[in-house]
Amino acid sequence: MDDYLVRATAFAGKIRLFAATTTQVVEEMRNRHDLFPTAAAAVGRTATAAVMMGAMLKGEEKVTVQVKGNGPLGQIVMDANARGEVRGYADHPQTHLPSNASGKLDVAGAVGREGFIYVTKDLGMKEPYRGSIPIISGELAEDFTYYFAKSEQTPSAVSLGVLVNQDYTIRNAGGFIIQVMPEVDDEVIFTLEHKLASVLPVTTLLEQGLSPEDLLKEVIGDFANAETMPLSFRCFCSRERVERTLLSLGRQELSQMVEQDEFAQIVCHFCNEKYEFDREALKSLMDQTGL
Ligand code: ZN
């Protein structure tokens, strides 16, 4: 089943819902970056949160999520947009730790229990929106819950999960976000909290074959205004963009590269694509542009 996201409302529009399956997206990230299991879980949870945050945007708006913890994984950077496209990486993809006390992948150990989460939204305005919160757990779902409450003043329940196979491939990944709109009454919140308290971990539900709609049904019961959106890994780098970056280095730096190295290799952080320029390619690039 292809990854997709469902956006819906419940309780007469007083609750906003998002649910997503991200197994293929996370598997592509694992494959591109050679993510080890703990790293894959951390990166996958962040990607799942980011695609749902992307689904809260519209048109050409974009969101960048940076998780900067003090753990061995280094920082996680994730870009998502309103079209369900996401790309991202972690500084140290080959991070893997022994399981935590509950026998799960130790995401908080990899991310770190201290640090910050930064959210930058390009809403097409002059200045981007920026929000940040301190990391409170490192397990990420709790941290994004805290982010929505503190930075966006939107009480939310966030659940994120990634299950990794023995051979390091991704078995399943997904999550949901439930957001309470300002005018909601206490009774609805009480009902919600009651339901959420008994919900199984998202990876368990996905393992049972639940779709994003099923996840919402499981968590909230009836919902309305459901819209779906396919999700995909997508990077926006290209050889042309890399050429422009190289040219921006200027003549001196480029000639030095031509003289010193047999070739230049530029690697895109986001997708790990390698762009190679041998001496000839660099020379002709400089000639073409009159540098
Ligand atoms: Zn790329």
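None of these values were measured; they are calculated from a predicted model. Computation of the quantities below employed the complete heavy-atom set of this structure, encompassing side-chain atoms and omitting hydrogens, waters and symmetry-equivalent molecules. Throughout, numbering of the chain's residues begins at 1 and tracks the sequence.
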**Prompt:** With no hydrogens and no angle check, is any side-chain donor or acceptor of Glu152 less than 3.5 Å from a backbone partner on Ala149?
**Reply:** no
**Prompt:** What heavy-atom pair brings Gly131 and Ser151 nearest, and what distance separates the two atoms?
**Reply:** CA-OG, 3.5 Å
**Request:** Indicate yes or no: at least one non-hydrogen side-chain atom of Met29 is less than 4.5 angstrom from one of Ile170.
**Result:** no
**Message:** When you group the ILVMFWY residues by side-chain heavy-atom contacts below 4.5 Å and let the links chain together, are Phe18 and Val119 in the same group?
**Reply:** yes
**Request:** For Leu206 and Leu210, work out which heavy atoms get closest and say how close.
**Result:** CD2-O, 3.6 Å
**Request:** Take Lys14 and Asp186 through the test salt bridge (Lys or Arg N to Asp or Glu O under 4.0 Å) and record every step on the way to the result.
**Result:** CA-CA 12 Å; Lys14 290 173 184 163; Asp186 291 348; over 6 Å; no
**Item:** Close side-chain approach of Phe233 to Arg87, heavy-atom, < 4.5 Å
**Value:** yes
**Message:** Test your reading of the model: is there a side-chain donor-acceptor pair from Asn70 to the backbone of Arg113, 3.5 Å cut-off?
**Reply:** yes
**Request:** Of all the heavy-atom pairs spanning Leu73 and Ala90, show the shortest one and how long it is.
**Result:** CD1-CB, 3.7 Å
**Request:** Is it possible for you to check whether Arg32 lies under 6.0 Å from the centre of the six-membered ring of Phe270, through NZ or CZ, and within 45° of that ring's axis?
**Result:** no
**Prompt:** Can you check whether Val43 reaches Met78 side chain to side chain, under 4.5 Å on heavy atoms?
**Reply:** yes
**Message:** Does either side chain, that of Glu85 or that of Ser232, offer a donor lying less than 3.5 Å from an acceptor on the other one?
**Reply:** no
**Steps toward side-chain contact (heavy atoms from CB on, under 4.5 Å) verdict (Thr64, Val77)** = CA-CA 7 Å; Thr64 300; Val77 182; 4.1 Å; yes
**Prompt:** Should Met53 and Tyr129 be regarded as members of a common hydrophobic cluster, given that ILVMFWY residues are connected when their side-chain heavy atoms come within less than 4.5 Å of each other, either directly or indirectly?
**Reply:** yes
**Message:** Hydrophobic cluster membership, with links at side-chain heavy-atom distances under 4.5 Å among I/L/V/M/F/W/Y: are Met52 and Leu123 in one?
**Reply:** yes
**Request:** Find the distance between CD (Glu276) and CG (Leu282) and round it off to the nearest 0.5 Å.
**Result:** 11.5 Å
**Heavy-atom side-chain proximity of Val51 to Val25 below 4.5 angstrom** = no
**Request:** State whether the number of non-hydrogen atoms from other residues, nucleotides or ligands found under 6.0 Å of Gln166 atom CD is greater than 12.
**Result:** no
**Distance (rounded to the nearest 0.5 Å) between Ile133 CD1 and Tyr146 OH** = 7.0 Å
**Message:** Are the side chains of Asp91 and Tyr89 in contact, using a 4.5 Å heavy-atom criterion?
**Reply:** yes
**Message:** Counting only heavy atoms not in Lys62 (residues, nucleotides, ligands), do more than 12 fall under 6.0 Å from its NZ?
**Reply:** no
**Thr38 side chain vs Leu97 backbone, donor-acceptor pair below 3.5 Å** = yes
**Request:** Measure the spacing between CZ of Arg171 and CD of Glu207 and express it to the nearest 0.5 Å.
**Result:** 4.0 Å
**Between NZ on residue Lys217 and CG on residue Leu17, distance to nearest 0.5 Å** = 12.5 Å
**Glu183, CD atom: more than 12 neighbouring heavy atoms under 6.0 Å** = yes
**Asked** When hydrophobic residues are tied together by side-chain contacts of less than 4.5 Å, even through go-betweens, does Val107 share a cluster with Val158?
**Response** yes
**Prompt:** Do Glu243 and Tyr275 come within less than 4.5 Å of each other through their side chains, counting heavy atoms only?
**Reply:** no
**Request:** Output yes when a side-chain donor or acceptor of Asn100 lies under 3.5 Å from a complementary backbone atom of Gly103, and no otherwise.
**Result:** yes
**Asked** Do the side chains of Phe36 and His92 get nearer than 4.5 Å, heavy atoms only?
**Response** no
**Prompt:** Can you name the one residue among Leu215, Val219, Thr204, Ile220 that meets side-chain contact (heavy atoms from CB on, under 4.5 Å) with Val199?
**Reply:** Val219
**Heavy-atom side-chain contact between Ile177 and Phe144 under 4.5 Å** = no
**Prompt:** Salt-bridged, Lys68 to Asp143, with N to O below 4.0 Å?
**Reply:** no
**Request:** Show the numbers, then the answer: is there a side-chain contact (heavy atoms from CB on, under 4.5 Å) between Thr228 and Glu213?
**Result:** CA-CA 9 Å; Thr228 62; Glu213 287 91 342; 3.6 Å; yes
**Request:** Kindly determine whether Glu60 and Arg83 satisfy salt bridge (Lys or Arg N to Asp or Glu O under 4.0 Å), including the steps that lead there.
**Result:** CA-CA 8 Å; Glu60 296 304 306; Arg83 294 187 299 273; 3.2 Å; yes
**Asked** Run the side-chain contact (heavy atoms from CB on, under 4.5 Å) check on Glu61 and Lys121 step by step: do they pass?
**Response** CA-CA 7 Å; Glu61 296 172 356; Lys121 292 185 200 174; over 6 Å; no
**Asked** Roughly how far, to the nearest 0.5 Å, is the CZ atom of Arg244 from the CG atom of Leu249?
**Response** 14.0 Å
**Asked** Any donor-acceptor pair under 3.5 Å linking the side chain of Ser156 with the backbone of Thr154?
**Response** yes
**Prompt:** Can you tell me if Asn172 and Thr23 form a side-chain donor-acceptor pair at under 3.5 Å?
**Reply:** no
**Asked** Checking side-chain contact (heavy atoms from CB on, under 4.5 Å) for the pair Met56/Phe148: CA distance, chi angles, key distance, verdict?
**Response** CA-CA 12 Å; Met56 295 170 191; Phe148 286 117; 3.9 Å; yes
**Pair Asp214, Ser211: side-chain N/O donor-acceptor within cut-off below 3.5 Å** = yes
**Request:** Quick one: closest heavy-atom pair of Ala226 and Val6, and the distance?
**Result:** CB-CG1, 4.1 Å
**Item:** Single-linkage hydrophobic cluster Leu192~Leu200, side-chain heavy atoms < 4.5 angstrom
**Value:** yes
**Message:** Tell me if the CD atom of Glu114 is crowded by more than 12 foreign heavy atoms within 6.0 Å.
**Reply:** no
**Prompt:** Just how far is it from atom CG of Leu160 to atom CG of Leu140, taken to the nearest 0.5 Å?
**Reply:** 7.0 Å
**Message:** So for atom CG, which belongs to Asp185, do other residues, nucleotides or ligands contribute more than 12 heavy atoms lying within a distance under 6.0 Å?
**Reply:** yes
**Asked** What are the two closest heavy atoms between Ala173 and Val26, and how far apart are they?
**Response** CB-CG2, 3.8 Å
**Message:** Please determine whether salt bridge (Lys or Arg N to Asp or Glu O under 4.0 Å) holds for the pair Lys104 and Glu139, giving the CA-CA distance in whole Å, both sets of side-chain angles, and the decisive distance to 0.1 Å.
**Reply:** CA-CA 11 Å; Lys104 298 269 165 54; Glu139 289 290 334; over 6 Å; no
**Request:** Measure across Ile178 and Ile15 and return the closest heavy-atom pair with its distance rounded to 0.1 Å.
**Result:** CG2-CG2, 3.5 Å
**Asked** Taking the side chain from Asp167 and the backbone from Thr169, do they hold a donor-acceptor pair closer than 3.5 Å?
**Response** yes
